[in-house]
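Both ligands and their constituent atoms are indexed starting at 1 by order of listing. Sequence positions, counted from 1, serve as the residue numbers for this chain.
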Amino acid sequence: MSDLKLPGAPYIGYKNRKLMMEEVALAELIAQYGTPLFAYSKAAMLGALQEYTRAFESRKARIHYAMKANSSLGVLRVFAQSGCGFDIVSAGELAKVLAAGGKAEHVIFSGVGKTRAEIRAALEAGICCFNVESEAELDIINEVALSAHTVAPISLRVNPNVDAKTHPYISTGLKDNKFGIAHNHALETYKRAAKLRGLKIKGIDCHIGSQITEISPYEDAVSRVLDLVDSIEASGIPIEHLDFGGGLGIDYSGETPPKADALWRRLFELLDARGYGDRFIFVEPGRSLVGNAGVCLTSIEYLKEGEHKNFCIVDAAMNDVPRPAMYEAFHAIVPLQQDNQASNTVYDIVGPVCESGDWLGKDRTLNVCVGDGLAILSAGAYCMSMSSNYNSRGRAAEVLIDKGNIQLIRRRETIEDLMRQEL
Ligand code: LLP
């Protein structure tokens, strides 16, 4: 691979001017499967997972992949086979985990709006823990558990009120977010939970936001959560596990977030110093396990000169890669073949959807022709899982690359698929 370091390296990079994922030239994938197409590197996912497992060697800990980041069965299977647990937020996610071979007893259930039916399904499956986000939810889980003659394992998601220093839409640990139970109400809520016969208190949980690129918000969260554990246990309620959520960021445009093992080396120093180093630790990473492992491949349909801007119109759109439209997020976009014959031009890279918000990259310098392929990088997380059928566009296909092997894990949606549910 060449020296140019792209997000996703070393699993993604140029070799003889061709963009490769592991041992596969991405242009060949397009020829075989068409575009838009998501491609994922299995080695990149396992490499990211290893950074966590290395951090937890000789500790009591479990990694719960936050599957909202990418819930395709082929991706879930990689993590299930590696012994991961899963963080879910719906009955649909529970069903997918089980279909992919995940173990119910390694599933934790987050989210502010669990329905009675979802709670019942999770109890029947025998999940590890509900991360409860309000007092009202405690009562509902208690009620559903009692009516099913069982006891629901729970942990309270507390809101530590720390600033994750990330985009406001993906920051979740501040006072005015809808998530979790306020820090100063947590003790009281634990005491109330302890009196409910349908509940068994297992742990404490927090998640402060996503795409976090610094260690300090985690340090703050750990110390705020441990303050609470001190007082909860002093009131006679034992806490078995400490769940610090997900949130670790990835490289989109040269960010250098800490590696999971470096982050956790530091956090274990804090835990050890306060005597909590031998507690069972849970984490819920999503983006940092899959984000840099995936790309979205797209073909250039038109090059259009506008009065003030040039547009590179591609066949992927906001329905496939929604992050730029939703958060003005940056994804690097690179050609599948380097140095072709066109000249460098500055383009807005846009899709065919009828919205001005349908852009994938702004002011990007490219040397490309109609028909060329492009790769939208760092697209393994929160792209396919947030994709839609807007403009009646079928969803993209997905392939999993394992060295030289290519496995189609989702076929492209057809016109029939688009109309299947309608009466
Ligand atoms: N645990 C909980 C309770 C969460 O709400 C989330 C993400 C995670 C774990 C995983 O966080 P991660 O490790 O992936 O940062 N769609 C947005 C991101 C939304 C994150 C929602 N919660 C985006 O595209 O940036």
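- Only side-chain heavy atoms of D87 come within less than 4.0 Å of ligand 1; its backbone N, CA, C and O stay farther off.
- Considering backbone and side-chain N/O atoms, Y327 comes within less than 3.5 Å of an N/O atom of ligand 1.
- Annotation: side chain of I201 is not in contact with side chain of I232 (no heavy-atom distance under 4.5 Å).
- Close contacts between ligand 1 and A66 involve ligand atoms 8 (C), 9 (C), 10 (C) [criterion: under 4.0 Å to a heavy atom].
- Contacts between R323 and ligand 1 below 4.0 angstrom, taking non-hydrogen atoms only, involve the side chain exclusively.
- Under a 4.0 Å criterion applied to the non-hydrogen atoms of M386, ligand 1 contributes the atoms 16 (N), 24 (O).
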Please determine whether side chain to side chain contact (heavy atoms under 4.5 Å, CB included) holds for the pair I313 and I300, giving the CA-CA distance in whole Å, both sets of side-chain angles, and the decisive distance to 0.1 Å. CA-CA 6 Å; I313 303 171; I300 300 177; over 6 Å; no
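- A tilted orientation is assigned to the rings of F244 and W264, their planes being inclined by 30° to 60°.
- By the criterion of a heavy-atom distance under 4.0 Å, both the backbone and the side chain of S210 are placed next to ligand 1.
- The two residues D272 and G277 make their nearest non-hydrogen contact at OD1-CA, 3.1 Å.
- Ligand 1 places these atoms under 4.0 Å from at least one heavy atom of P285: 13 (O).
- Taking the six-membered ring for Trp and the full ring otherwise, the centers of F282 and H64 sit less than 6.0 Å from each other.
- The proximity of M326 to ligand 1, defined as any non-hydrogen pair under 4.0 Å, does not occur for either the backbone or the side chain.
- For ligand 1, the atoms sitting less than 4.0 Å from at least one non-hydrogen atom of G247 are 11 (O), 12 (P), 13 (O), 15 (O), numbered in the order shown with element in parentheses.
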Can you list, pair by pair, the side-chain donor-acceptor contacts under 3.5 Å of residues 372-382, counting residues two or more places apart and other chains?
residue : atom : partner : partner atom : Å
D372    : OD2  : N340    : ND2          : 2.7
D372    : OD2  : C369    : N            : 2.8
S378    : OG   : D251    : O            : 2.9
S378    : OG   : N292    : ND2          : 3.1

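- Under the 6.0 Å cut-off for aromatic ring centres, F330 and Y252 do not qualify, their centroids lying 6.0 Å or more apart.
- Residue contact check: R157 has heavy atoms under 4.0 Å from atoms 3 (C) of ligand 1.
- With a heavy-atom cut-off of 4.0 Å, F179 does not touch ligand 1 at all.
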Less than 3.5 Å apart, which donor and acceptor atoms pair up between the side chains of residues 100-112 and the rest of the protein, not counting sequence neighbours?
residue : atom : partner : partner atom : Å
S110    : OG   : D87     : OD1          : 2.6
S110    : OG   : N131    : ND2          : 3.3

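- The aromatic rings of Y52 and F56 sit tilted, their planes meeting at an angle between 30° and 60°.
- At a 4.0 Å heavy-atom cut-off, ligand 1 touches R287 through backbone and side chain alike.
- For ligand 1, the atoms closer than 4.0 angstrom to any heavy atom of G246 are 9 (C), 13 (O).
- The N/O atoms of G245, backbone and side chain alike, include none that comes under 3.5 Å of an N/O atom in ligand 1.
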